[in-house]
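A short worksheet on the structure shown next.
Values below: every heavy atom of this structure, side chains too, minus hydrogens, waters and symmetry copies. Each chain gets a letter, A, B and so on, in the order its sequence line appears, and its residues count up from 1.
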Amino acid sequence: MSDEEDGGENCRKKLRLTKDQSAILEESFKEHNTLNPKQKMALAKRLGLRPRQVEVWFQNRRARTKLKQTEVDCEFLKRCCEQLTEENRRLQKEVAELRALKLSPQFYMQMPPPTTLTMCPSCERVAAPPSSAAAQPSAAHPRPLPVNPWVAAPVTIRPFEALHPRS
DNA sequence: GGAATCCAAGTCGTTACATCA
DNA sequence: AGTGATGTAACGACTTGGATT
């Protein structure tokens, strides 16, 4: 039931390529997503199509591949945004808690142990962490998101005594 | 500079399929 | 269960405009 090659002078629309034709085109597209004129002619001959049809198929395929990839990227960025929003919320909360602690120095001793940066609550200087590895992502705390320069790493403030030990 | 060619982007018309009354 | 109307995604083809040769 093939209406292939009706050969009319004004070969109007010929919709729906056969499964075999589509498969061969897909296979060829996987190898190279653009065709030079020689490849186009050869492929058209092999498929029993006009070179123009092969050309159009490749143009459409590129466009639709790009569209699909854009959708995937968009979805990924959406998830990144959600994660960053959540991290931002968490950090804001942490900052608020630390500010509250700063106003109540008697609670310094009850703070959890430091993990990353150290800061003197009086002079507000940040000291280098005991080990630089502590500031790096680890297997236990991977950072699956792409690097985002606008997102600061979590900050942990050390108690006053840690920066100004009594001799 | 103008013609020819290629490609991306946007669009249109058709087809296949799913859903519903 | 069969059927026609409707909506929608996929697809082939076309048009247009920019870039390149």
Phosphate OP1/OP2 of C:dG12: any A:Q53 side-chain N/O under 4.0 Å: no

Presence of salt bridge, A:R52 and A:E55, under 4.0 angstrom: yes

Atom-to-atom span, CZ of A:R50 to P of C:dG12 - whole angstrom: 13 Å

Spacing of A:R62 atom CZ relative to B:dA9 atom P, expressed in whole Å: 10 Å

Interatomic distance where CG belongs to A:N60 and C1' belongs to B:dC7 [whole Å]: 12 Å

Under 3.5 Å donor-acceptor, A:Q39 side chain and A:N36 backbone: yes

Under-4.0 Å salt bridge between A:R90 and A:E86: no

N/O-N/O pairs, protein side and nucleotides 8-11 of chain C side, under 3.5 Å:
unit_1	atom_1	unit_2	atom_2	d
C:dA10	N3	A:R16	NH2	3.4

Side-chain donor or acceptor of A:R61 paired with backbone N/O of A:N33 under 3.5 Å: no

Spacing of A:Q59 atom CD relative to B:dT11 atom P, expressed in whole Å: 17 Å

Between C1' of B:dA8 and CD of A:E55, the distance in whole Å: 12 Å

Non-hydrogen atoms of A:F58 and A:H32 that approach each other most closely: CE2-O, 3.5 Å

Residues A:T85 and A:R89: side-chain donor-acceptor under 3.5 angstrom: no

Length of the CZ-P vector between A:F58 and B:dA8, whole Å: 12 Å

Rounded distance in Å - CZ (A:R52) to C1' (B:dT5): 12 Å

